[in-house]
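Encoded as structure tokens, the structure appears first; notes follow it.
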Amino acid sequence: MSSLRETDVVTIGESMVLLQPMNEGPLAYAPMFTRSIAGAESNVSIGLSRLGFKVRWISRLGADPFGDVILSTLAGEGIDVSQAVRDTQYPTAVYFKEFKGYGDPNVYYYRKGSAVSQLTPAHVESSWLQGAKHLHVTGITPALGPETADTIRELMVQARKNGMTISFDPNLRRKLWSEEEARETLLSLIPLCDIFLPGIEEAEFLVGERTEDQYGAHFLELGAKAVILKLGEHGSIGYAGNRAVKARPYPVTRIIDTVGAGDAFAAGFLSGFLENGDLEQGDNLLRALTRANFMGSLATQYKGDWEGLPKRDELLRLLSGGKEVTR
Ligand code: KDG
């Protein structure tokens with residue numbers, strides 16, 4: 001086996017070509033679109049890569065032009081795509097957004113029967129995790145095909161055996177599976193992760209209505225070492241060991257597009273975790289949460305799922321209140 005470069009983070013998931021209407025309003029009346037790419041795991045990969053981390057993104061893509069676009073975009077962001085497989089039988093997925101001018105955008109998926117939906121545990125290669133410190137997975141991949149949940153589970157088990165840390169963002173996508181299936185599968189993956197990153201509504205979906213502290217205690221009891229609750233406009237709260245730390249939100253004056261904010265948050269949090277380590281020590285948890293809140297708020301101010309993610313020097317300058325010289 002050829003040796004792969006050292007990697008900070010490995011992630012696995014589906015990226016799609018994203019078509020966004022150039023005007024607001026119903027998709028049925030949208031004549032023109034811009035083309036980008038999107039996918040929760042590749043969004044996190046871009047966020048981390050721009051902050052200077054080495055990231056390996058694993059996936060399957062059709063042997064089609066849309067697969068080419070995704071690969072060249074991610075490679076252009078400095079991400080290791082060498083383990084992504086081209087599938088000659090099944091296509092790359094596509095998704096559309098619809099901006100109604102109020103609330104979150106609607107999304108329409110064309111991903112049934114995609115290359116990633118065919119993923120099985122038999123595809124897992126030991127090279128995927130080689131030389132890596134951390135695995136990040138989401139609850140989207142398990143929803144995509146008959147054996148994709150088992151594949152994610154297998155990878156988490158292998159990562160554990162390799163001594164890697166693991167983060168898991170449930171990323172509930174109700175359009176992809178039934179509520180019962182989603183709840184059962186997502187809950188079953190929590191004991192395999194170190195860092196669990198649910199939004200407050202996802203926590204409620206999983207275990208019913210409780211207080212923030214009860215969510216934290218419950219998910220820690222299930223086996224996560226840290227629970228990071230995203231509270232939207234109220235910031236976030238993290239639980240690790242006996243600690244509970246709340247981080248204030250960054251005010252956003254104009255929200256353009258909320259899709260991808262959770263992934264920006266995850267990239268921000270993981271970057272803090274990877275830089276500072278043990279979340280039970282000192283102010284490590286607060287620093288990671290603060291960065292996560294800032295990245296999440298920044299992401300909502302751009303159209304597109306990842307385009308607004310900052311590079312390291314920009315992030316550090318903005319976080320310290322520095323102004324940009326624009327002309
Ligand atoms: O978290 C944002 C992602 O959800 C988006 O980029 C596309 O993967 C995607 C999905 O399934 O919605």
Side-chain angles (χ1 to χ4, degrees), residues 11-21 27 33-50 55 57-61 66-67 69-70 73-74 77 79 84 91-99 103-117 119 136-145 148-149 152 167-177 181-182 185-186 197-202 205 228 230 232 255-270 292 295-309:
T11 186
I12 177 168
E14 178 163 76
S15 288
M16 301 168 280
V17 155
L18 163 61
L19 293 163
Q20 303 192 103
L27 199 53
F33 296 83
T34 57
R35 191 203 66 202
S36 183
I37 70 155
E41 302 81 3
S42 57
N43 300 340
V44 172
S45 301
I46 293 170
L48 285 168
S49 180
R50 287 189 182 174
V55 184
W57 173 80
I58 296 171
S59 194
R60 295 180 75 79
L61 296 152
F66 280 173
V69 171
I70 290 170
T73 306
L74 297 180
E77 290 286 337
I79 294 161
T92 303
V94 177
Y95 104 98
F96 290 79
K97 268 190 205 167
E98 179 183 59
F99 296 93
D104 294 333
N106 287 329
V107 306
Y108 298 91
Y109 296 125
Y110 295 81
R111 65 198 305 186
K112 274 208 182 92
S114 69
V116 170
S117 73
L119 198 60
H136 177 71
V137 292
T138 82
I140 296 177
T141 319
L144 297 177
T148 50
I152 294 302
S167 48
F168 173 42
D169 184 336
N171 262 330
L172 174 64
R173 297 289 178 269
R174 290 173 196 266
K175 284 193 173 179
L176 296 178
W177 50 357
E181 220 185 333
T185 306
L186 297 174
L197 295 147
I200 187 90
E201 283 161 19
E202 290 168 327
F205 168 82
I228 310 304
K230 292 170 267 182
I255 294 181
I256 307 282
D257 183 356
T258 49
V259 182
D263 304 326
F265 179 98
F269 187 84
L270 292 178
M295 295 266 290
S297 73
L298 208 55
T300 64
Q301 297 173 55
Y302 294 83
K303 193 169 173 180
D305 296 12
W306 50 269
E307 281 81 347
L309 292 168

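Atoms within a ligand are numbered from 1 in the order they appear, just like the ligands themselves. In this text the structure is predicted, and so the values were computed from the model without any measurement.
Residue-level proximity to ligand 1 for V107 is absent, since no heavy atom of it falls below 4.0 angstrom. Contact annotation: for R111 versus ligand 1, heavy atoms closer than 4.0 Å belong to the side chain alone. Here Y109 has side-chain heavy atoms under 4.0 Å from ligand 1, and that is the only part of it that gets that close.
For ligand 1, the polar-atom distance check finds no N/O of E14 at less than 3.5 Å from any of the ligand's N/O atoms. On a distance-only criterion, A40 and ligand 1 share at least one N/O pair closer than 3.5 Å.
Residue D305 holds the heavy atom nearest to atom 5 (C) of ligand 1 of all those in D305, I140, L176.
Proximity of a side-chain donor or acceptor of S45 to a complementary backbone N or O of W57 within less than 3.5 Å is not detected. Side chain of R50 to backbone of L309: a donor-acceptor contact under 3.5 angstrom is found. Side-chain atoms of K303 do not come within 3.5 Å of backbone N or O of Q20 as any donor-acceptor pair. Panel note: side chain S59, backbone G13; a donor-acceptor pair is recorded below 3.5 Å.
Distances shorter than 4.0 angstrom do not occur between any heavy atom of G262 and any atom of ligand 1. Contact between E41 and ligand 1 is absent, with no heavy atom of the residue lying under 4.0 Å from the ligand.
The shortest heavy-atom contact between R60 and A115 is CD-O, 3.6 Å. Closest approach of S167 to H136, counting heavy atoms only: OG-ND1, 2.8 Å.
When only modelled atom types and interatomic distance are considered, T148 and E14 share no side-chain donor-acceptor pair under 3.5 Å.
Atom numbering of ligand 1 starts at 1 in the shown order; those under 4.0 Å from a heavy atom of R173 are 1 (O), 2 (C), 3 (C), 4 (O), 10 (C), 11 (O), 12 (O). The contact set between ligand 1 and M16, taken as ligand atoms under 4.0 Å from a residue heavy atom, comprises 7 (C), 8 (O), 9 (C), 10 (C), 11 (O).
Given atom 2 (C) of ligand 1, the protein heavy atom at minimum distance is D263 OD2, 3.0 Å.
The environment of E201 atom CD is sparse: at most 12 non-hydrogen atoms of other residues, nucleotides or ligands sit within 6.0 angstrom.
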